[in-house]
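Here the structure comes first, spelled out in structure tokens, and everything after it is commentary.
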Amino acid sequence: MNEPQQSFNKALKIMMGLGLLLPFLVASYTCQIISSSLLEKVLLFGTVFIFAFLSYWIVVRTIVQFLEE
């Protein structure tokens, strides 16, 4: 009986982990390539991280809603 709930919790943890890891990696890589000063890196990292996180979250929510139907 607990198997679906455990698998859901495991999937949720994986999605949240990827939701933080993937945008972090994208933002870090982008900052290394584009910016030179520390202030540029911080501003660019924040912007790219937020954009990548929101993009990931929108895609995940869309897939979850599609699977629930």
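Throughout, numbering of the chain's residues begins at 1 and tracks the sequence.
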### Query
Is Y29 linked to V26 within one hydrophobic cluster, defined over Ile, Leu, Val, Met, Phe, Trp and Tyr using a side-chain heavy-atom separation of less than 4.5 Å?
yes

### Message
With a 4.5 Å cut-off on side-chain heavy-atom distances among I, L, V, M, F, W and Y, is there a chain of contacts connecting F24 to L18?
### Response
no

### Query
Measuring from K41:NZ to S36:OG, what's the distance to the nearest 0.5 Å?
8.0 Å

### Task
Working to the nearest 0.5 Å, report the span between NZ of K13 and NZ of K10.
10.0 Å

### Query
In the hydrophobic cluster built from side-chain contacts under 4.5 Å, what are the other members alongside L38?
V42

Could you tabulate the donor-acceptor pairs under 3.5 Å formed by side-chain atoms of residues 43-67, not counting sequence neighbours?
| unit_1 | atom_1 | unit_2 | atom_2 | d |
| --- | --- | --- | --- | --- |
| T47 | OG1 | L43 | O | 2.9 |
| S55 | OG | F51 | O | 2.8 |
| Y56 | OH | M15 | O | 3.0 |
| T62 | OG1 | I58 | O | 2.7 |

